[in-house]
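So the structure is just underneath, and the comments pick up after that.
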Amino acid sequence: SASLGPWLVPFTEASQLDDARIITRVNGQVRQDDKLQHMMHPIRKEIEYISTFMTLLPGDVIVTGTPTGSGARLDPPQYLAPGDVVEVEVNGIGTLRNHIEDEAR
């Protein structure tokens with residue numbers, strides 16, 4: 001979890017925050033499909049809040065929560081297992097694909 005990359009996209013216009021759609025697939029099955037604007041804590045508000053106690057600089061990365069559909073919240077919960085393939089796609093940016101491995105290895 002919390003993978004990052006392989007691209008960082010500079011902020012150039014507000015639609016990047018409002019229109020960004022996040023689709024997460026586990027082994028090809030869609031688990032999450034939502035827009036950033038529907039997050040419990042809107043990205044604009046998070047940036048505003050963080051800016052009250054620190055200066056944000058170019059290249060800073062803000063790590064947030066996740067849209068509805070994460071494994072622990074499903075009924076029954078569905079956790080990642082070694083061998084799973086997780087894909088996170090954001091329109092206009094691309095798809096990040098990771099293979100889950102046993103951390104004991």
Side-chain angles (χ1 to χ4, degrees):
S1 71
S3 297
L4 185 67
W7 305 282
L8 294 178
V9 178
F11 178 82
T12 57
E13 59 184 80
S15 67
Q16 287 175 275
L17 297 177
D18 298 333
D19 298 334
R21 179 174 218 92
I22 300 173
I23 302 170
T24 304
R25 296 176 192 87
V26 177
N27 302 322
Q29 176 188 16
V30 173
R31 293 272 182 97
Q32 298 174 305
D33 184 355
D34 210 345
K35 288 190 173 185
L36 284 181
Q37 65 185 351
H38 298 143
M39 299 272 289
M40 181 185 299
H41 302 288
I43 300 299
R44 291 173 187 263
K45 289 291 186 184
E46 289 189 27
I47 293 169
E48 178 183 338
Y49 172 69
I50 292 168
S51 297
T52 66
F53 59 84
M54 69 178 291
T55 301
L56 292 170
L57 301 172
D60 285 347
V61 175
I62 299 172
V63 180
T64 67
T66 183
T68 304
S70 64
R73 296 182 187 155
L74 298 176
D75 185 20
Q78 297 177 25
Y79 299 102
L80 299 175
D84 286 347
V85 176
V86 179
E87 297 173 310
V88 180
E89 177 182 344
V90 179
N91 61 308
I93 297 176
T95 302
L96 175 65
R97 182 176 295 107
N98 286 294
H99 298 265
I100 305 303
E101 293 191 24
D102 188 340
E103 67 183 344
R105 292 178 72 193

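Being a predicted model, the structure only gives us computed values, none of them experimental.
For Q29, the side-chain hydrogen bond (donor to acceptor under 3.5 Å, both in side chains) test picks out no residue, with sequence neighbours left out. Annotation: side-chain hydrogen bond (donor to acceptor under 3.5 Å, both in side chains) contacts of D33 (sequence neighbours excluded): R21.
Listed by first and then second residue, the salt bridge (Lys or Arg N to Asp or Glu O under 4.0 Å) pairs that reach into residues 77-88 are E87-R97, sequence neighbours excluded.
One hydrophobic cluster, built from ILVMFWY side chains closer than 4.5 Å, cannot hold both V30 and V85; they sit in different ones.
Note that CG of D102 and CD1 of I100 are 11.0 Å apart. Values are rounded to the nearest 0.5 Å. Remark: I23 CD1 to T95 OG1 distance equals 8.5 Å, nearest 0.5 Å.
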Taking distance alone, no hydrogens or angles, what donor-acceptor pairs closer than 3.5 Å link side-chain atoms of residues 45-58 to residues at least two apart or in another chain?
unit_1: S51; atom_1: OG; unit_2: I47; atom_2: O; d: 2.8
unit_1: T52; atom_1: OG1; unit_2: Y49; atom_2: O; d: 2.6

Show me, pair by pair, the donor-acceptor contacts under 3.5 angstrom made by side chains of residues 34-42, not counting sequence neighbours?
unit_1: D34; atom_1: OD1; unit_2: H38; atom_2: ND1; d: 2.6

Which atom pairs, donor and acceptor, lie under 3.5 Å between side-chain atoms of residues 74-83 and protein residues at least two apart or in another chain?
unit_1: Q78; atom_1: OE1; unit_2: R31; atom_2: NE; d: 3.4
unit_1: Q78; atom_1: OE1; unit_2: R31; atom_2: NH2; d: 3.1

